[in-house]
Structure formats: C-alpha cells, structure tokens
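What follows is one structure encoded as structure tokens, with my remarks underneath.
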Amino acid sequence: VFGKDITLILTLNNLTSDLKTVKVDMSASTVLYTRRAVAEILKATTSVDLGSKQGKHIRVKIPYSYYGKYLTTDKRIQVNALCEVMHMNGAKLLVEKTIILEDTNIIIKIPRQIVVNKAVTLEISYANPLPEPVSRCVLLVTLMNQQVKIHLARLAPRERSKIYFEFTPRRTGPLQLQVDFSCDKFSHVKGFVTITVAPA
C-alpha cells in the first residue's frame with residue numbers, strides 16, 4: 001500500500017545434489033507505466049550457499065523513505081534480481097517484478113436511496129497514508145459534468161478526515177461521482193462511485 005514499507009521475498013531453490021553458491025544483485029527503481037526508470041532507490045548484493053536440494057529465502061525491504069519522493073503518479077516500482085551461479089560457467093537468471101502500489105485513501109459513502117430533485121448528502125473520507133504530515137490538501141469533486149474544488153486543512157501522519165458533500169440530482173439513472181485528492185507530497189489519488197438516481 002502506498003505510504004508503507006515494502007517487503008519482498010526472493011526464493012532460491014537448488015534442484016541438484018551439488019553445493020551451489022549464488023550471487024544475487026538486486027536493484028529497484030521507480031518507473032513510469034512505460035517501464036522507463038525514474039530513479040534508482042535500492043541496490044544490494046548478497047551471496048547464498050545452497051546445499052543439496054536446499055531452498056532459501058532472501059528478504060528485501062524497501063522503506064517508504066527510499067521511494068516516497070521519487071514515486072510518480074503511476075505509483076510503480078520495478079525490482080530486478082540478477083542471480084548468478086558461481087563456478088558453473090556463470091549461469092545467470094534475471095527475475096523481474098513490477099509493484100503497483102494501491103491507494104486506500106478515498107472512501108465515498110452514499111445513502112441507500114437517492115431520488116431525483118431531492119437534495120442528498122454524501123460522506124467523502126480521505127487520508128494521509130504517509131509517516132509525515134501533508135499540507136496544501138485539495139479535493140476535486142466531479143459530478144454531472146461540474147467540478148468543485150475544496151481546499152482542506154493539513155493532515156497529520158496517517159490521519160484520516162472527512163467532509164460532507166451535498167447535491168441535488170436533476171435526472172434519473174446512473175451518475176458517476178469522481179474524487180481526486182492531492183497535497184504537497186502526492187497527487188491524483190482517485191476514488192469514484194456510481195450513483196443510481198431513482199424516480200420521485
């Protein structure tokens with residue numbers, strides 16, 4: 001989840017009866033959705049001895065402090081592990097994983113029944129998932145082809161807050177409400193819900 005430390009586990013298995021030494025070069029970078037690297041955030045090398053038919057786990061931790069300021073709005077991190085078996089003609093294996101960090105910041109609560117031409121109040125809750133305060137918080141609410149920009153108070157680390165948003169639907173059928181939350185440390189955290197408007 002965005003804002004938290006990331007823990008990965010690389011599993012190595014020796015399928016032979018011979019002792020193997022494997023050198024592992026690990027790297028991680030923040031990337032765009034095109035996989036173009038933005039910034040390298042981790043580089044580490046380790047060696048593992050694997051006995052006959054033995055498996056071992058390598059745990060890798062990427063703290064938020066490593067990736068936070070380099071993350072793009074795509075919220076993607078590419079992790080590579082180049083595994084080289086020593087003393088065996090240099091056999092190599094590249095393991096790649098792309099991590100897409102999830103947002104759990106926006107929660108929209110709507111009444112059970114919404115009726116045309118009758119005012120309705122929605123609850124929109126938003127959060128700061130980071131271990132540091134954020135300021136210049138803005139909520140952009142889009143509904144019925146109109147946008148409302150709401151300036152919010154700063155949020156303490158891990159703080160959740162909420163606002164109440166009132167509107168009157170002018171037609172029956174489905175409406176989509178979209179919420180976009182931005183602040184000085186991250187931007188464009190989105191949430192949306194489809195609202196069904198019933199006849200009066």
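Owing to the predicted nature of the structure, the values given are computational and were not obtained by experimental measurement.
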Is any side-chain heavy atom of [Y] closer than 4.5 Å to one of [X]?
| X | Y | answer |
| --- | --- | --- |
| V79 | I62 | yes |
| V85 | T21 | no |
| P111 | L122 | yes |
| Y67 | L101 | yes |
| V24 | I58 | yes |
| N128 | C183 | no |
| C83 | L12 | yes |
| D180 | K149 | no |

Sub-3.5 Å donor-acceptor pair from the side chain of [X] to the main-chain atoms of [Y], do we have one?
| X | Y | value |
| --- | --- | --- |
| K56 | D49 | yes |
| T30 | Y70 | yes |
| D184 | S135 | yes |
| T16 | D18 | yes |
| K53 | L15 | yes |
| D5 | Y64 | yes |

Return the [atom1] to [atom2] distance between [X] and [Y], rounded to the nearest 0.5 Å.
| X | Y | atom1 | atom2 | value |
| --- | --- | --- | --- | --- |
| I99 | I6 | CD1 | CD1 | 5.0 Å |
| L143 | F192 | CG | CZ | 14.0 Å |
| L10 | M26 | CG | CE | 5.5 Å |
| K20 | L50 | NZ | CG | 9.5 Å |
| I106 | L139 | CD1 | CG | 5.5 Å |
| I124 | I150 | CD1 | CD1 | 6.0 Å |

Quiz item: Any idea how F181 and Y126 line up, ring-wise: parallel (<30°), tilted (30 to 60°), or perpendicular (>60°)?
Solution: tilted
Quiz prompt | side-chain contact (heavy atoms from CB on, under 4.5 Å) partners of T121, counting only residues at least two apart | solution = Y164, E166
Quiz item: Under the criterion side chain to side chain contact (heavy atoms under 4.5 Å, CB included), which of E84, K23, M86 is the partner of S47?
Solution: K23
Which pair of non-hydrogen atoms, one from [X] and one from [Y], has the smallest distance, and what is that distance?
| X | Y | value |
| --- | --- | --- |
| T194 | I110 | O-CD1, 4.4 Å |
| R170 | V116 | C-CG2, 3.6 Å |
| A28 | I77 | CB-CG2, 4.3 Å |

Self-check item: Any pair counted as salt bridge (Lys or Arg N to Asp or Glu O under 4.0 Å), so long as it reaches residues 26-38, sequence neighbours left out
Solution: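 As it turns out, the salt bridge (Lys or Arg N to Asp or Glu O under 4.0 Å) pairs with a partner in residues 26-38, which skip direct neighbours, are R35-E96.
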Quiz item: Is the count of non-hydrogen atoms from other residues, nucleotides or ligands lying under 6.0 Å from Y66 atom OH greater than 12?
Solution: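 Not more than 12 within 6.0 Å, no.
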Quiz item: Any luck finding a side-chain donor-acceptor pair between R76 and T98 under 3.5 Å?
Solution: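 There is no such pair (donor and acceptor under 3.5 Å, judged by atom type) between the side chains of R76 and T98.
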